[in-house]
Amino acid sequence: MSEESTKIKESEGTWQDGIAKTITFIVTKDCQLACKYCYLVGKNEQERMSWDIAKRAIDYIFDHESDFPEKSVIFDFIGGEPFLEIDLIDRICDYIKVELYKRQHHWFDSYRFSFSTNGINYHTDKVQAFIKKNASHLSIGITIDGTERKHNLNRIWKGEGPERGSYIDVVRNIPLWLEQFPGAGTKVTISSADIPYIKESVLHLYSLGIHEVNINVVFEDVWQDGDDALFEDQLMRLADAIIDGGYYESFACSFFNENIGKPLDPERENRNWCGAGKMLAIDSAGNFYPCTRFAAYSLRSKRPIIIGNVYDGIDKNKLRPFLTLDRLTQSPQKCIDCEVASGCAWCQGENYDAALSPTVYQRSTAICLMHKARVHANNYYWNRLFRKLELEGKREDFEKNKIDVKPEIC
Amino acid sequence: MLRYLIVLLDDTSTSFCHYTASNKEPNLISLDILRKAIRWAMTENLTIQFVYPSHELLDEWNETIETIDHVKIKPATAASTSDADVVVFEGLEAIDMPLSKRDVSIVIRTRMSDFLDKHDRLHKLLAQANRLNVVFTDVDSFADDDQKAYDEALASLSLVVKNEYVNNHPVQFNLLTDRIMLTEMNNCGAGDSTITLAPDGQFYVCPAFYYDADGYPVGNIEGRLDIPNKQLYRLQYAPICRRCDAYQCHRCIWLNRKTTLEVNTPSHEQCVVAHIERNASRRLLEAIRQEGEFMSGTEIEEIDYLDPFEIARP
Ligand code: SF4
Ligand code: SF4
Ligand code: SF4
């Protein structure tokens, strides 16, 4: 690590964050893996998007340009595993590009294609040809959970017989991925059983050359007694490792963020957290959703929230609850009064799934103790880091160069 | 706070509101449930509104009903309406039926298209009645193209209402005078101030939730009332409505649920209809004032939207 450098690496955030519309194609519900924590309760091999549905969705969206006034667009492809449908995706992306040009659409040259992949097919000829063709408009995230031991705990191959982890099948593609997307980050999701491996996992991802680790705890109510204390301990160890190893100079971990853990002003800071309703997701049947988490295959106990389809268009009445949701109306009193509320996230889909009645207006607080533990470790991290920077005479320089991070939650 | 208990005496009890009491065969509430409902209302300090079917009730039921102070809501087709507090007519054709009592509240349930065609039929009634409520059974299919016609229909009825006021007959007509009289929201209150008990012994937020396949009970008379996310039925928890001043609007919880899937969020159509009424009330107030002093201190502001969603988005 360079002794001179005091520029702290901050998370890159999402492209055109907040001003881009995200349109998600659920191209398949199939995947090569059967991850143990996967929230997609209804995964299957039958539901693949047809070209006809994809084309109708694109035509509807482009025919209604004034309903999509955002400056930019992210076309997101998810599954299951999206690269299982690379032929369809290639056709969709070609069609989008041609139509944007033909229609002189305001998204022409302000679009991205985005993928979250398990990385297994990344090196294949078809995927590589697609990447080369669309290189300047792509973002691709490969999910790798950390060390081999940790990754293979959850991310196992589908099928009968003894469990087989997928670590080596993914990690072999990391160098190619990082060569093609040097700033790329990875998303890690933490559930109860993963807590003991957090520190080693983040450091392992750094050692693979991944500079940005976006890491979140799951929103579901999976936590056991004592998990918060374990979690805090892991994060403190990670904080020490990042500071002592000087990783903060060029690596980022979204767990540590200066803005979290403060009270929120009821008037000025009343915005909803989650972007559901401002996004649009389309499934293989041609149904529209406010976000993929409202599709039947992601819900445990509630009916899907379908806001239209490619034939009849969007029912704007069904979007009204999402577009007028604010923090206070959905939060219990303890969150309104909470001293450490900032950065305590929620997922509208999980709120809906866990609610006592069919509503998106009941905030689930299953992560309460985990957030508080994170705040403790986060305070420790910044206090230690700032003290170190002060002693080294680098604090002022840091304050000048710092960038606000908007954490990703989904 | 809960103040009213609506008791559906039979599965074929009349609808008095936006919903349709559909697909049900006669099925009288049991005496046991009826007695429990009355006892519960007394212990909770609630006013009961009994909703009647067309057919006669047996003596034992009538006698039980009379053990508590109450309001009777009856269909105009009931064998006797002389003791009714509210009489419900189905459609504008039906209002030619003779009414036995003038000081009864009249509810007319109609489709919007019929109202636009036949609102002239209300003239006579406006001259006679003390309280007239028109309730639309298809608010959710109101098209933006209907706005002008609805505005014109209300303007034409305003002339009649104005004359009644000038001639010292201050008729209450929900579409035009409620907004003038109100100084704060006065919505239907389903799930907040009002709860419904159906013949099956279960509580519902409103009768519509009993008849609608998508409805759900919120407790039963044997156990207790248990409304999950009860706060969402209150005005403060309705992000669009709490910014709104169409005080006369029903803010129909059932239509909210049906059209937006959330009990606290109204549809565009419901808001537009209520705002056309609000604005017509504003013009009526001005017109009455041209004839003399009236409701001094009451003002209805001019606004430039018909759907408060436009001002409610954070
Ligand atoms: S869930 Fe807990 S930590 Fe988060 S805002 Fe609410 S009270 Fe605070
Ligand atoms: S929710 Fe209220 S306004 Fe709507 S139908 Fe029921 S009683 Fe009528
Ligand atoms: S007009 Fe719309 S916003 Fe206003 S009270 Fe009625 S339903 Fe609510």
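Lettering of chains follows the sequences in order, A, B, ..., and the numbering in each one begins at 1.
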Between N229(B) and S357(A): side-chain donor-acceptor atoms closer than 3.5 Å: yes
Greatest number of heavy atom pairs closer than 4.5 Å to chain B - which of N270(A), V360(A), L325(A): V360(A)
Minimum side-chain heavy-atom gap N317(A)-E269(B) below 4.5 Å: yes
Neighbour count >12 (heavy atoms, 6.0 Å) for atom CZ, R111(B): no
Exceeds 12 heavy-atom contacts within 6.0 angstrom, atom CG of D265(A): yes
Interface residues of residues 248-263 of chain B facing chain A - heavy atom cut-off under 4.5 Å: R257(B), T259(B), T260(B), L261(B), E262(B)
Inter-residue atom distance I311(B).CD1 - T324(A).OG1, 0.5 Å rounding: 12.0 Å
Heavy atoms of other groups near R3(B) CZ, more than 12 under 6.0 Å: no
Distance in Å, L356(A) CG paired with I227(B) CD1, rounded so as to fall on 0.5 Å steps: 13.0 Å
Greatest number of heavy atom pairs closer than 4.5 Å to chain A - which of P266(B), P228(B), S267(B): S267(B)
Intermediate values then yes/no, salt bridge (charged side-chain N to carboxylate O under 4.0 Å, His left out), R313(B) and D326(A): CA-CA 9 Å; R313(B) 282 187 71 161; D326(A) 57 58; over 6 Å; no
Heavy-atom contact with chain B under 4.5 Å, split by part of I307(A): neither
CA sep, side-chain torsions, deciding dist, call: R242(B), T329(A), side-chain contact (heavy atoms from CB on, under 4.5 Å): CA-CA 11 Å; R242(B) 70 182 175 219; T329(A) 310; 3.1 Å; yes
NZ/K316(A): more than 12 non-hydrogen atoms of other groups inside 6.0 Å: no
Structural part of D315(A) lying under 4.5 Å from a heavy atom of chain B: side chain
Side chain, backbone, both or neither of D307(B) within contact of chain A (heavy atoms, under 4.5 Å): side chain
R303(A) atom CZ: more than 12 heavy-atom contacts under 6.0 Å: no
Partners passing side chain to side chain donor-acceptor pair (under 3.5 Å) against D192(B) (at least two apart in sequence or in another chain): none
Nearest-0.5 Å distance, CG of residue L328(A) to OH of residue Y237(B): 9.0 Å
